[in-house]
Amino acid sequence: MTTNQWTQIGFFFVLLLLLVKPLGWYMARVYEHKPFFLGKWFGWLERLVYKICGVRPEEEMDWKGYALAMLIFNVVGGLILYAIERLQNHLPLNPAGQSAVPPDLAMNTAISFITNTNWQNYGGESTMSYFTQMAGLAVHNFLSAASGMATLAAFIRGFARKETKLLGNFWVDMTRTTLYILMPICVAIALALISRGIPQTFSNYPSATLVQPTSYDQPVTNAQGTPVTVDGKPQVTHVAVTEQSLAVGPVASQIAIKQFGTNGGGFYNANSANPYENPDPLTDLIEMLALLVVGFALCYTFGVMVGDKRQGWAVLFAMLLLLVPMVFLCVHSEQAGNPLLNHLTVGKEGASLNDGNMEGKEVRFGIVNSGLWATITTGTSCGAVNSMHDSFTPLGGFVPLWMLMLGEVAPGGVGSGLYVMIIFAIVAVFVAGLMVGRTPEYLGKKIQSYEMKMASLVILIPPMAILALTAIGVVTDAGRAGVSNPGAHGFSEILYAFTSQVANNGSAFAGLNGNTPFYNLMGSVAMWFGRFWLAIPCLAIAGSLARKKIVPQSSGTLPTHTVLFIIMLVSTVLIVGALTFFPALALGPIVEHLKMIHF
Amino acid sequence: MLKETLIQLRLSFLFVIVFTVITGLVYPGVVTLLGQVLFPRQSNGSLIVVDGKTVGSELIGQPFDDAKYFWSRPSATSPYAYNAANSGGSNSGPTNPDFIKTVQGRIDALKKADPEMADAPVPMDLVTASGSGLDPHISPAAAEYQVARVAKARGLDPAKVRELVAQNTQGRWLGFIGDPGVNVLKLNLALDALGTSK
């Protein structure tokens, strides 16, 4: 790694940490219903939403009521989205005449967008009408992010409150998150992105005359659509291409929320690698900050809401410890490059340019911003990509896979990442309590058997789902049919697909062909479990904790803002992740790495 | 419980509709309006117009394989290279034998076009496909690799070609963020303009 690469990574994390406090403070104002300037300007809109929908904002809910509202909202949202996809050929704004989305793909896509995953088994421009994109998919970029943040707000109130059943009102938290946090900041991000060249228009694709015309060979097919062969050779026609159709559209508005809400579903097939989605190093920096900042800032919000900011900083530093070393492993591996290619490009007497593995990467971002992005997009549940993870070196590709397997806690999706991380903190104090023989406490609340049962569910469900689904994918013909690269790398493609969907990430080793009934169905199961089977036990814990008294601190209390606790928390996350997934990782990236260096 | 569920069902339905209007119509509408007013050129795709004809976008690459042009990076878009309506990478795994063969083929083609460079190390970005398949840039090393060939094909002084390369290089932001890249389309247009003004 070069000095410049170290500087770029350092600069990025310094900028990020500078943004944590102001944004975290602001979000705490929103969730604690304290006054702030946007509340004065847009209070009328908030009240109008309540009036139209019939929300009674002063009525708070217990954990069951909150969970019920959250689940019903997501089911209804998913069904409406499914209906829009299935009926898009009868709906307006369909100039390209897209036909109805097939049932299995429509279900996978609907679940993908309500769970904040944005796994995409389709190409947007070839499958979805403008109406589906705008009134269907884009809306859930906001609502799924808000749903995660609202759940977190209720979860934190479980710690902050005492001797009450009430955790807040789901509809109020949803409305305030969307109107005061997500939308205004996304308008600012979108305008910054437009100023650097990201398109924002509703007009048709402009056409450009190529400076040097090109051509390609198209296979000849008969009336049934099967290729025609003569003497065993497939017949082709020569097609000249003189025009380049430049796909523009309302891109910037979607990119802003897809990053800021850790959604990750791109406007274009190549996501943020496409120059229209990410034209230069500055937009890349803005998009990376946008996808990471909410996850970290929520730690500060957490600290403010529980009345002890040190607790928030402790969780934040644990997340950084899990994240930053992996950035260096990824960048280092990609910079070292692919030995199979490196020996082809050396010149006379072994002279080499040492320019790393550039397959699937863009020149303007280089190795360092591709590796940095890959690590943080999988550390959060964003899943947007600015380079193709499938073409990373085995160890470079190991990093995003590993970040997904840690359970999306460094810092994870907006809201969902922090509540799962706090579950790990509960497990850490429990383990520590066992070691010294005391009843464990976290933030003044006793951790008892009910909390531990729920926490165990949160920790056990994702690996069970990932490993079981991968096993099914590997042993069935339908699963193996989607693989595009041979050998250990093919196994990694299947493993990555299910890990990404359970973790609600949505990035892919994109060589895998996921648009088959098998992957659409299995993926839907993975995403649904990964989202709601974690959110519900978390809300149950919050409900149980809210009812408890605050235990006064004593000499036997384990302080949870110290370096010692940060190390314990990081160790808990690493041990759970490593013990569960090591055998699977050994069969995928590790075997491939060993094969590659001994080619 | 049933009554509560029915109330929440009705509320959910209305909530989705209301926010479809706010985040699905008003939000993109407001951003489009502001974008078109404040940054009209960028909002519409940063198009390059020469003599009244749109010849491309300064952000989107184009394919070149003529000796007199600088070549762009390989592109894996389908069905033809640099299809700006279907961006994407190859997704080839690093140990896939077919992928290694493809790269070898690209190296052979480069060396065939300029046998004088046969002993020089090949810049990696010039023989690997980008993530988008639309990468408008090549690395400065990849431009330098091609300077002699382009200068010879056009009968130009290599120093003049290097000057144009430097003019069309996008540096790092603030001098240290990102990697420098040479915009191939703008460079080739500048070379062509040189020819017509003579």
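We name chains A, B, ... by the order of the sequence lines, and we start the count at 1 in each one.
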request  = Among B:Gly181, B:Ala141, B:Pro123, single out the residue with the greatest number of heavy-atom pairs under 4.5 Å to chain A.
outcome  = B:Pro123

ask   = Checking heavy atoms, do the side chain of B:Phe99, its backbone, both or neither come under 4.5 Å from chain A?
value = side chain

inquiry  = Taking every non-hydrogen pair under 4.5 Å, which of A:Phe392, A:Phe509, A:Tyr276 racks up the most with chain B?
reply    = A:Tyr276

key: Which portion of A:Ser195 sits near chain B, non-hydrogen atoms under 4.5 angstrom   = both

query = Is the shortest distance from a Lys or Arg side-chain nitrogen in B:Asp179 or B:Arg172 to a carboxylate oxygen in the other one below 4.0 Å?
reply = yes

ask   = Roughly how far, to the nearest 0.5 Å, is the CG atom of A:Leu282 from the CG atom of A:Leu193?
value = 8.5 Å

inquiry  = Report which part of B:Gln104 has an atom under 4.5 Å of a heavy atom belonging to chain A: side chain, backbone, both, or neither.
reply    = both

task = With a 4.5 angstrom heavy-atom cut-off, could you sort out which part of A:Asn271 is near chain B: side chain, backbone, both or neither?
result = neither

task = Find the one option among A:Lys348, A:Met174, A:Met134, A:Gln212 whose heavy-atom pairs under 4.5 Å with chain B are most numerous.
result = A:Gln212

Side chain, backbone, both or neither of B:Thr5 within contact of chain A (heavy atoms, under 4.5 Å) = both

ask   = Centroid-to-centroid, B:Phe19 to A:Phe142, below 6.0 Å?
value = no

note = Interface check, chain A: of B:Asn96, B:Ile7, B:Leu47, most non-hydrogen pairs under 4.5 Å belong to B:Asn96

inquiry  = Does any backbone or side-chain atom of A:Pro394 lie under 4.5 Å from a heavy atom of chain B? Answer side chain, backbone, both or neither.
reply    = both

ask   = Is a side-chain N or O of A:Asn274 found less than 3.5 angstrom from the main chain of A:Ala270, in a donor-acceptor match?
value = no

ask   = With respect to chain B, which residue among A:Val139, A:Val363, A:Asp390 yields the maximal number of heavy-atom pairs within a distance under 4.5 Å?
value = A:Val363

task = Take A:Ser387 and A:Glu362, measure what side chain to side chain donor-acceptor pair (under 3.5 Å) needs, and give me the verdict at the end.
result = CA-CA 7 Å; A:Ser387 59; A:Glu362 304 283 303; over 6 Å; no

request  = Examine whether an atom of B:Gln170 lies under 4.5 Å from a heavy atom of chain A, and if so say whether it belongs to the side chain, the backbone or both; otherwise answer neither.
outcome  = side chain

request  = Just give me the residue among B:Tyr69, B:Phe13, B:Tyr27, B:Tyr80 that pairs up with chain A most often, heavy atom to heavy atom, under 4.5 Å.
outcome  = B:Tyr27

ask   = Hey, is B:Arg154 close enough to B:Asp192 for a salt bridge, meaning N to O under 4.0 Å?
value = yes

query = Pick from A:Asn338, A:Asn386, A:Val248: which one has the most heavy-atom pairs with chain B under 4.5 Å?
reply = A:Asn338

query = What part of B:Leu189 gets closer than 4.5 Å to chain A, counting heavy atoms only: side chain, backbone, both or neither?
reply = side chain

ask   = Can you check whether B:Val182's main-chain N or O pairs, donor with acceptor, with B:Thr169's side chain at less than 3.5 Å?
value = no

task = Using non-hydrogen atoms and a 4.5 Å limit, figure out which bit of B:Leu185 sits close to chain A: side chain, backbone, both or neither.
result = side chain

ask   = Can you say whether B:Val55 sits under 4.5 Å from chain A via the side chain, the backbone, both, or neither, judging by heavy atoms?
value = both

remark   = Ranking B:Thr32, B:Val16, B:Val103 by heavy-atom pairs under 4.5 Å to chain A gives rank one to B:Thr32

request  = Measure distances from A:Leu341 to the heavy atoms of chain B and classify the residue's part below 4.5 Å as side chain, backbone, both or neither.
outcome  = both

task = Report yes or no: is the cationic atom of B:Arg106 (NZ for Lys, CZ for Arg) closer than 6.0 Å to the six-membered ring centre of B:Trp71, at no more than 45° off its axis?
result = no

request  = Answer yes when B:Asp135 and A:Lys361 have at least one side-chain N-carboxylate O distance shorter than 4.0 Å, and no when they do not.
outcome  = no

message = Report which part of A:Met61 has an atom under 4.5 Å of a heavy atom belonging to chain B: side chain, backbone, both, or neither.
response = side chain

Proximity breakdown for B:Ala120 and chain A, heavy-atom pairs closer than 4.5 Å = backbone

request  = Using non-hydrogen atoms and a 4.5 Å limit, figure out which bit of A:Ile198 sits close to chain B: side chain, backbone, both or neither.
outcome  = backbone

request  = Measure from the side-chain N and O atoms of A:Glu277 to the backbone N and O of A:Tyr268, and report whether any donor-acceptor pair falls under 3.5 Å.
outcome  = yes

request  = Measure distances from B:Asp66 to the heavy atoms of chain A and classify the residue's part below 4.5 Å as side chain, backbone, both or neither.
outcome  = both

query = Can you check whether B:Gly133's main-chain N or O pairs, donor with acceptor, with B:Ser75's side chain at less than 3.5 Å?
reply = yes

query = Checking A:Glu334 side chain against A:Ser370 main chain: does a donor-acceptor pair fall under 3.5 Å?
reply = no

query = chain B heavy atoms under 4.5 Å from A:Leu137: which part of the residue, side chain, backbone, both or neither?
reply = neither

ask   = Using non-hydrogen atoms only, which part of B:Asp65 is less than 4.5 Å away from chain A: side chain, backbone, both, or neither?
value = both

message = Heavy-atom cut-off 4.5 Å, strictly under: side chain, backbone, both or neither for A:Leu285 against chain B?
response = side chain

task = Go through A:Asn485 and A:Glu493 one step at a time and tell me if the side chain to side chain donor-acceptor pair (under 3.5 Å) criterion holds.
result = CA-CA 8 Å; A:Asn485 284 294; A:Glu493 287 183 347; 3.0 Å; yes

inquiry  = Would the distance check show the side chain of A:Ser484 and the main-chain N or O of A:Gly511 forming a donor-acceptor pair, the cut-off being under 3.5 Å?
reply    = yes

query = Does any heavy atom of chain B fall under 4.5 Å from the side chain of A:Phe11, the backbone, both, or neither of them?
reply = side chain

key: Leading residue by heavy atom contact count with chain A [cutoff under 4.5 Å; candidates B:Leu14, B:Leu33, B:Thr77, B:Asp119]   = B:Asp119

Modelled atom types, side-chain donor and acceptor of A:Glu592 and B:Thr95, under 3.5 Å = yes

request  = Go through B:Gly24, B:Pro121, B:Pro180 and name the one with the most non-hydrogen pairs under 4.5 angstrom from chain A.
outcome  = B:Pro121

message = Given heavy-atom pairs under 4.5 angstrom as the criterion, report whether the side chain, backbone, both or neither of B:Ile22 touches chain A.
response = both

note = Nearest heavy-atom contact between B:Gln42 and A:Ile194 is CB-O, 3.0 Å

ask   = A:Val251 and A:Gln200: which non-hydrogen atoms are nearest, and at how many Å?
value = N-OE1, 3.6 Å

task = Would you sort out whether A:Asp284 and A:Asn278 count as a side chain to side chain donor-acceptor pair (under 3.5 Å), showing the intermediate values?
result = CA-CA 6 Å; A:Asp284 195 62; A:Asn278 194 359; 2.8 Å; yes

query = Is it the side chain or the backbone of A:Ile80 that comes within 4.5 Å of chain B heavy atoms, both, or neither?
reply = side chain

note = From the list A:His489, A:Gln244, A:Met388, the residue making the most non-hydrogen contacts under 4.5 Å with chain B is A:Gln244

key: Max heavy-atom pair count under 4.5 Å with chain B, selected residue of A:Thr214, A:Leu191, A:Asn369   = A:Leu191

query = B:Arg73 pairs by side-chain contact (heavy atoms from CB on, under 4.5 Å) with which of B:Val127, B:Ile138, B:Val184?
reply = B:Ile138

query = Non-hydrogen atoms of chain B under 4.5 Å away: do they reach the side chain of A:Val346, the backbone, both or neither?
reply = backbone

Side-chain donor/acceptor of A:Asn357 to backbone N/O of A:Ser391, under 3.5 Å = yes

ask   = Under a 4.5 Å heavy-atom cut-off, does chain A meet the side chain of B:Leu9, its backbone, both or neither?
value = both

